[in-house]
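Below is one structure, written out as structure tokens; the observations come after it.
Order of the sequence lines fixes the chain letters, A, B, ..., with proteins taken first and strands second; residue numbering starts at 1 for each chain. Remember, predicted model here, so these are calculated numbers, not experimental data.
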2 protein chains.
Amino acid sequence: MTDETPRAHPVRVLLAEDQGMMRGALALLLGMEEDIEVVAQVAAGDEIVDAALTHRPDIALLDIELPGLSGLDAAAELRERVPGCRVLILTTFGRPGYLRRAMDAGAAGFLVKDGPVEELAGAIRRVLAGETVVDPALAAAALSAGPSPLTGRECDVLRASADGATVADVAAVLHLSESTVRNYLSAAIGKTGTRNRAEALRAARQRGWV
Amino acid sequence: MTDETPRAHPVRVLLAEDQGMMRGALALLLGMEEDIEVVAQVAAGDEIVDAALTHRPDIALLDIELPGLSGLDAAAELRERVPGCRVLILTTFGRPGYLRRAMDAGAAGFLVKDGPVEELAGAIRRVLAGETVVDPALAAAALSAGPSPLTGRECDVLRASADGATVADVAAVLHLSESTVRNYLSAAIGKTGTRNRAEALRAARQRGWV
DNA sequence: AGATCGGCAGGACAAATGTCATGGGTGCCG
DNA sequence: CGGCACCCATGACATTTGTCCTGCCGATCT
């Protein structure tokens with residue numbers, strides 16, 4: 001609660017990452033920095049907001065693929081309920097669509113795990129200084145991808161069609177008629193410019209439309 | 001250079017991991033241990049053997065999903081060409097089939113990235129002491145899965161059917177007739193006890209049959 | 001030599017999938 | 001109010017996919 005000059009106390013960081021080894025390694029790594037302190041670590045998306053409310057971090061470092069709640073959804077919720085906390089997304093996949101959705105969710109930065117570790121602490125400091133940290137190449141790709149042309153239902157059906165689920169399966173899960181499911185699927189295939197569900201799902205994921 | 005008690009020199013470790021952040025963090029982490037020295041880091045599977053030949057590590061810490069050559073294939077090659085080097089597999093996915101194939105490839109240990117970081121250094125020491133390090137629950141699952149009933153061609157066709165490739169696509173890639181492709185696919189679906197290619201591929205992957 | 005297994009292919013058939021046209025219902029916006 | 005987009009549903013249709021049966025070839029084992 002005592003904030004005075006630029007950097008009175010170390011940056012308080014919340015770390016959300018499901019892989020134990022990665023989480024531990026990152027925490028150790030960040031802990032070695034003079035001006036950074038990892039105040040909370042969580043392994044599931046639905047623990048993020050609670051942890052942020054109790055530990056009041058300056059920055060939340062969020063993975064996207066998390067059990068419970070996606071890091072992107074958690075980011076959106078953080079913006080509302082813990083406004084003082086900036087969000088830095090740290091993810092395996094540099095999909096253009098992820099970046100788009102991260103920005104929509106109010107993230108202040110977007111890092112891929114491919115980069116060197118040294119980038120991380122720097123990105124945290126830059127985000128805290130008010131900068132928006134994004135890989136320029138990725139930003140370009142995200143812009144060229146455009147917004148999603150898929151309707152909500154088309155998304156649902158596409159998602160439910162993963163892993164070899166049949167039309168009947170999807171219809172049962174979503175309480176739709178089989179005809180309707182096929183219609184949505186056909187629409188999604190058309191909009192993605194692909195030849196079948198599998199390709200459509202792949203394309204939609206790639207562009208962040210699901 | 002300074003020899004003390006148990007070991008004359010620190011354990012020489014080769015680290016193969018494609019995610020830069022993970023690789024860097026692990027290297028830093030292991031480097032902090034007194035008795036461990038990371039002598040080489042590579043990001044691609046096809047660099048592993050070369051690096052091992054030049055740096056002569058005691059242990060190779062290998063991810064499975066790597067560009068170029070899979071960590072499992074690299075492990076098999078290491079056993080042949082760098083016999084003094086033990087292999088410890090470190091992977092995201094605790095699929096039973098991965099474990100099976102790792103053991104077939106002559107790995108001395110199998111760790112999942114989910115576990116705590118502290119496990120890692122301990123596992124390295126235990127492997128070096130001659131132990132075989134495997135998660136017991138995973139070992140049980142691997143045994144219950146049984147060996148692959150799929151023939152070589154059935155595997156090929158299944159793999160080529162990923163991501164929505166059509167029968168015609170697969171036939172073209174593998175230089176087969178469409179009838180033949182459908183026959184293999186049908187056989188694979190039957191042997192996996194599934195309903196279509198997508199499920200068959202999923203099941204086969206899960207059990208390590210591809 | 002005969003039996004067996006795997007690779008390869010063709011045909012015939014049923015089931016699942018994808019396409020299209022059509023229509024009704026809702027809510028939103030100009 | 002009239003469009004407009006989205007949701008949901010039918011029915012008809014072409015295409016793709018999955019199943020089954022048959023057959024040929026070569027390698028391997030007994």
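- B:Val49 has its side chain out of reach of B:Glu80: every pair of non-hydrogen atoms, C-beta onward, lies at least 4.5 Å apart.
- Between the CG atom of A:Asn196 and the C1' atom of C:dG18 there is a distance of 10 Å, given to the nearest Å.
- If you measure from atom CD1 of A:Ile189 to atom C1' of C:dC20, you get 14 Å, rounded to the nearest angstrom.
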Stepwise, does the salt bridge (charged side-chain N to carboxylate O under 4.0 Å, His left out) test hold for A:Arg23 with A:Asp63?
CA-CA 10 Å; A:Arg23 187 174 66 248; A:Asp63 191 6; over 6 Å; no
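- With a 4.5 Å cut-off on side-chain heavy atoms, A:Tyr184 and A:Leu158 do not count as touching.
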Stepwise salt bridge (charged side-chain N to carboxylate O under 4.0 Å, His left out) check, B:Arg159 with B:Asp156:
CA-CA 5 Å; B:Arg159 253 193 304 265; B:Asp156 296 341; 3.1 Å; yes
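- Between B:Ser186 and D:dT19 there is a side-chain N or O to OP1 or OP2 distance below 4.0 Å.
- Residues A:Trp209 and A:Thr192 meet the side-chain proximity criterion, which asks for heavy atoms closer than 4.5 Å.
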Heavy-atom contacts, protein to nucleotides 3-13 of chain C, under 4.0 Å, summarised as B (base), S (sugar-phosphate only) or - (none) per nt, yield ---SSBBB-B-
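- If you take CG of A:Leu185 and C1' of D:dC8, they are 15 Å apart, rounded to a whole angstrom.
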When you look at B:Val157 and B:Arg197, which way does the side chain to side chain contact (heavy atoms under 4.5 Å, CB included) test go after all the steps?
CA-CA 10 Å; B:Val157 170; B:Arg197 319 148 191 237; over 6 Å; no
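- Note on the helix from C:dA1-D:dT30 to C:dG30-D:dC1: angle between the axes of the first and last five pairs equals 30°, rounded to 10 degrees.
- In this structure, B:Leu61 and B:Leu120 have side chains that are in contact, with non-hydrogen atoms separated by less than 4.5 Å.
- Side-chain contact between A:Leu88 and A:Leu90 is absent, with no heavy-atom pair separated by less than 4.5 Å.
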